[in-house]
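Remarks on the structure that follows.
Since this is a predicted model, take the numbers as computed values, not measurements. Chain identifiers are assigned alphabetically (A, B, ...) following the order of the sequence lines, protein sequences preceding nucleic acid strands; residue numbering begins at 1 within each chain. In what follows, every heavy atom counts, from backbone to side chain, and hydrogens, waters and symmetry copies are set aside.
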Amino acid sequence: MRCTPPRKIIVEASVAQDPSVAALRANLPSAEFEVVDEVHDTLSHDAGLLEVVRFRGRFLRPCPGTRRYHCCGYRILHFGTGCSLGCTYCILQAYLNNPNLRLFGNTDDLFRDLQQDLLASPHTLFRIGTGEFTDSLLLDPWTGFSRRLVPFFARQTNAILELKTKTDFVKNLEDLHHRGRTIVAWSLNGASVVRGEEYGAATLQRRLEAARSCAQWGYHLAFHFDPMLDYPGWREEYGEVLNRLFDTVPSERIVWISLGAFRFMPQLKATIQERYPRSPILCGEFIKGLDGKMRYFRDIRVELYRYMVERIRNVDPTLCVYLCMEATDIWQEAFGFSPERKGGVPAMLDRAVRERMGIEKP
Amino acid sequence: MEDPSYRTVLLDLINWKDERFAITSYLSSPLLDQSLERWGMLAPPWLWDTGEAGCTIVDGFKRLAWARDRRLSSARCLVFPQESDFQRLMLLRLETKLCSLALNVAEKAQVLAALVRCALSENILQEYLPRLHLPARREVIGPWCRLAASPSRLLQSAALGTVCERAALVLADWEDDARNEGLAILEQLRCSASIQMEILEHVSEIALREGKPKVTVLTDPTVTGLLQDRHSNHRQKTQALRTALTRMRFPRLAAREMEFRETLARANLPGSIRLLPPPAFEGDGWQLTLSFSNPHELRRVLPKATAFASSPLLEEILGKKGGSS
């Protein structure tokens, strides 16, 4: 991994006493700390900078799915924004107003709001993840946030946590009391994609070794082949990743595998072209989807998904595989059934939680 | 720097080969030519007295060239002394350009490239880019400087407007052979700016995807064949090229469209019934349109539409291959 610890941390005065800031000070003794009244948005990117700010919005929010495609009903625990792994395809490049890594320092507010939301809907099973606007574990070696988050979820009766990452930063998870309520998930891709497009992330081998460690520590696992790319040799490479995955971790520890072909907001194209002019990822057969995002032409998506579904079913026919943001016709062709037939994608995932994690819907 | 002075200078003393201050417009100037013929030089050109080497032209290249062509022996000029600073002179020269009539694309590129050599980067960002009607962003500068350094053929086409500004900036970054080929095609087709960009974008993306030089795409027999077609005018060639490049850029989508058309043809639908797939076959928004001009026609066409709705061909066209739901 080429990810380095933050060199400079700017902290808003109102969150300077937060435990996350104390952890950063303890774990980054050589970093420069600056306390300011307010951190302002900027356009200039500094890979070594971490901003710790007070977040005034809702910490728990629904995944921003769109009406025309099936969404998994995942909820996002919004604890920070930005990522320094530098994946060429990263949607955050066009999504965020601020280019730098940013953590929300009012973590007491976060836990209080989260607890209130969970108590307000006691009969709902919340599947909550932190990896939508940042990588769940990217800063964990220095913030130790997982050491507070995982035990919090261990105490809940109607929620599970999914930590999504492309790192191998799992050391903090080793001795935590998780009560089987945390899924540690990795985004996986073909070897040449990892090499060429995810150059700051952990290698496949390190991700899989980290997954094996988590499985040994009793965690449940998930994997996300997202974004899948269409390139010469994708079958061989994705097939090889699946082989290595199932050779490394027991499939019964895997709660679900998601598949999502590369899609992007049209405005991301110029950003990628400017930053990564030699990257071929924009040269696929992209069309404008029903949600306005650019997606591979449907037949290509079907081919990618069908191949993966077949390979996964050969290993573990009962493993929950789902498509991220796809329409009924694509599900139909990739799986031979529509999500509605299974009660919808959220119901499929709730069922996987019950069957694989032994957690009943409250 | 001492003040310049107005002097009558012998044209023989001008070093015509020194073009350090030249900003070529690549365009003829009929209005200036007419004015010179009628009134002579109204505004004195600027010269830099460079000592034994003679005088360097700072501003007024066209006026002095006119005087030379008319075999005049001398001209009244504003002469800057020998100890003048080159960069400062260049900035003054650029200032006059920036205050003149709208600059063409080639001039804009040359002015910005010269500013990069002479002015502070903060001034370029804050003052000069807005004056050149360019976004005040650092990353804007590089492409324009590369355009300024491009072969004169590209600059000339940009100045003439044969290639649009954005296309010229793209072509400036292409390899020599691809640039020449691309330029020749755009000059031949004389298409709109958006179509120029579409063509260049398709060529770039096909080349990048297939890992081959852009010139290979541009000299593909399909492309050269349709450009050499003597029976097509430039509009028809433009459309044919767009279609060919789109097929190359989106081969599987093109194959699916072809398959759709072929399967639909087997249905033998009358011309009054049209089946339209969703754009790029995305989603399930298919449309069947019936055209009629009176109730009798509608009654005649409806059974055919109903029969088509029940035919296995429709299932085939809709591509339901995944099994039962």
Toward chain B, the part of Pro277(A) with a non-hydrogen atom under 4.5 Å: backbone

Evaluation steps, side chain to side chain contact (heavy atoms under 4.5 Å, CB included), between Leu253(B) and Ile287(A): CA-CA 9 Å; Leu253(B) 178 57; Ile287(A) 53 97; 3.9 Å; yes

Inter- and intrachain pairs under side chain to side chain donor-acceptor pair (under 3.5 Å), touching residues 278-287 of chain A, at least two apart: Glu197(A)-Ser279(A)

Region of Leu290(A) in contact with chain B, defined by heavy-atom distances below 4.5 Å: both

For chain A, which residues of residues 182-218 of chain B have heavy atoms nearer than 4.5 angstrom: Glu201(B), Glu205(B), Leu208(B), Arg209(B)

Set of residues satisfying salt bridge (Lys or Arg N to Asp or Glu O under 4.0 Å) with respect to Arg166(B), sequence neighbours excluded: none

Spacing of OH belonging to Tyr69(A) relative to CD belonging to Glu282(B), to within rounding of 0.5 Å: 3.5 Å

Toward chain B, the part of Lys342(A) with a non-hydrogen atom under 4.5 Å: neither

Neighbourhood of chain A inside residues 131-152 of chain B, taking heavy atoms under 4.5 Å as contact: Glu139(B)

CD1 on Ile300(A) to CZ on Phe250(B), rounded to 0.5 Å: 9.5 Å

Contacting region of Pro251(B) [heavy-atom separation from chain A under 4.5 Å]: both

Neighbour count >12 (heavy atoms, 6.0 Å) for atom CZ, Arg313(A): yes

Under 4.5 Å from a heavy atom of chain B, the part of Gln273(A) involved: side chain

Glu310(A) atom CD, over 12 foreign heavy atoms within 6.0 Å: no

Arg354(A) atom CZ: more than 12 heavy-atom contacts under 6.0 Å: yes

